[in-house]
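Computed from a predicted structure; not experimentally measured. Below, chains carry the letters A, B, ... as their sequence lines are ordered, and counting in each starts from 1.
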2 protein chains.
Amino acid sequence: MTEKEKFLGEFEQLLLLSILKLAENAYGSSIRQLLADVIDRDVTIGALYTTLERLEKKGMLESKMGESTRERGGRAKKYFKVNAKGQHALKRSKEALASMWENVAITQMSLP
Amino acid sequence: MTEKEKFLGEFEQLLLLSILKLAENAYGSSIRQLLADVIDRDVTIGALYTTLERLEKKGMLESKMGESTRERGGRAKKYFKVNAKGQHALKRSKEALASMWENVAITQMSLP
DNA sequence: ATCAAATAGTTTATTTTGTAGAGTAAATTG
DNA sequence: CAATTTACTCTACAAAATAAACTATTTGAT
């Protein structure tokens, strides 16, 4: 049967990468901040958590609640971690895209 | 107003790249074949054309019907070509992903 | 002329992803 | 204990991806 694995969606990839980048500090708000900083993409909270939940359901990542922080105030954070399956999927997506980019040249210069 | 441009979906990227790779020979079936060959991804005909249509509607590519071929038999091909906007979008998506991959290491080795 | 085979595109419906936004919860500080 | 800060949950909807059956055009054989 060996069903062919599906590829990750675009946003899913971005979330997994964010989590990897943030390492021990990956939780909802920090992920959101990272995406805004690195690729100037504003994500609504809802978009973020629903997708994270889906990724967890698919077995790409794991989450655990953190303890309360001693910062200013605020609720406990939910930390995320990409697991082996998620890393594998990411790698596959990266490789697929890389092989598709091989020998492709963008001729166009800049655009409005 | 300057609305923030959206990124391309993953499949959209793959299609645009296929078209660039195939250059003058980019039409439905050849695109499908290329994706199967290069990234081992089987795409149904419907998936292909609906997405191509969407990309055209978004102004990322153009299409024109070809003349009948003198091969074996068969209907006329519909040729696709990525335009400046499509190239620009592709480039942006590539760069975004690249910056997200920066300093990210995949530790996992191989998986079932 | 007619029909089978080859090639290729169209249509319709459904599922999966992506998005928005209001709402809820917990902790801190005065 | 109320205001503030931080952060997550829930619900509904839109867009993208996918599937599968169907239609169209051309060639070549009979």
Legend entry - By ring pair (Phe, Tyr, Trp, His ring centres under 6.0 Å) - contacts of B:Phe7 (at least two apart):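 Partners of B:Phe7 by the ring pair (Phe, Tyr, Trp, His ring centres under 6.0 Å) criterion come out as none, since no residue qualifies.
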
Atom-to-atom span, [atom1] of [X] to [atom2] of [N] - whole angstrom:
{"X": "A:Asp42", "N": "C:dG18", "atom1": "CG", "atom2": "P", "result": "17 Å"}
{"X": "B:Arg54", "N": "C:dT10", "atom1": "CZ", "atom2": "P", "result": "16 Å"}
{"X": "A:Tyr79", "N": "D:dT6", "atom1": "OH", "atom2": "P", "result": "14 Å"}
{"X": "B:Arg75", "N": "C:dA6", "atom1": "CZ", "atom2": "C1'", "result": "13 Å"}
{"X": "B:Glu56", "N": "C:dT10", "atom1": "CD", "atom2": "P", "result": "10 Å"}
{"X": "B:Lys77", "N": "C:dA8", "atom1": "NZ", "atom2": "P", "result": "4 Å"}
{"X": "B:Leu55", "N": "D:dA16", "atom1": "CG", "atom2": "P", "result": "9 Å"}
{"X": "B:Glu53", "N": "C:dT11", "atom1": "CD", "atom2": "P", "result": "7 Å"}

Inset, instruction - Could you say whether A:Val43 or A:Phe7 is positioned toward the 5' end of DNA chain C, judged by the nucleotide with the nearest heavy atom to each? - result: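 Checking each residue's closest nucleotide, the 5'-ward one belongs to A:Phe7.
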
Kindly point out which of [options] is positioned nearest to the side chain of [X]?
{"X": "B:Thr50", "options": "C:dT11, C:dT19, C:dA8", "value": "C:dT11"}
{"X": "B:Thr44", "options": "D:dT25, D:dA16, D:dA19", "value": "D:dA19"}
{"X": "A:Arg41", "options": "C:dG18, D:dA17, C:dT12", "value": "C:dG18"}
{"X": "A:Thr51", "options": "C:dT12, C:dG18, C:dA26", "value": "C:dG18"}

Mind checking if [X] touches a base, just sugar-phosphate, or nothing, with heavy atoms under 4.0 Å?
{"X": "A:Gly9", "answer": "sugar-phosphate"}
{"X": "B:Ile45", "answer": "base"}
{"X": "A:Lys57", "answer": "nothing"}

Inset, instruction - Using a cut-off of strictly less than 4.0 Å, decide whether A:Lys6 has a side-chain nitrogen or oxygen near OP1 or OP2 of C:dT17. - result: yes

Inset, instruction - Check whether any side-chain nitrogen or oxygen of A:Lys78 sits under 4.0 Å from OP1 or OP2 of D:dT9, and answer yes or no. - result: yes

Legend entry - B:Lys58 vs A:Met65, nearer the 5' end of DNA chain D by closest nucleotide: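 Per heavy-atom nearest nucleotide, the more 5' residue is A:Met65.
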
Legend entry - NZ/B:Lys81: more than 12 non-hydrogen atoms of other groups inside 6.0 Å: no

With rounding to the nearest 0.5 angstrom, report the [atom1] to [atom2] distance, [X] to [Y].
{"X": "B:Leu8", "Y": "B:Leu55", "atom1": "CG", "atom2": "CG", "value": "7.0 Å"}
{"X": "B:Lys57", "Y": "B:Glu53", "atom1": "NZ", "atom2": "CD", "value": "5.5 Å"}
{"X": "B:Asn103", "Y": "A:Leu20", "atom1": "CG", "atom2": "CG", "value": "12.0 Å"}

Legend entry - Residues touching DNA chain D, which here means a heavy atom under 4.0 Å, drawn from residues 10-35 of chain A: A:Tyr27, A:Gly28, A:Ser29

Legend entry - Test item: B:Ser30 side-chain N/O and B:Asn25 main-chain N/O as donor-acceptor pair under 3.5 Å: yes

Legend entry - Side-chain donor-acceptor pair present, A:Gln87, A:Asn83, cut-off under 3.5 Å: no

Legend entry - Salt bridge present between A:Arg54 and A:Glu12 (N-O < 4.0 angstrom):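 No, A:Arg54 and A:Glu12 are not salt-bridged.
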
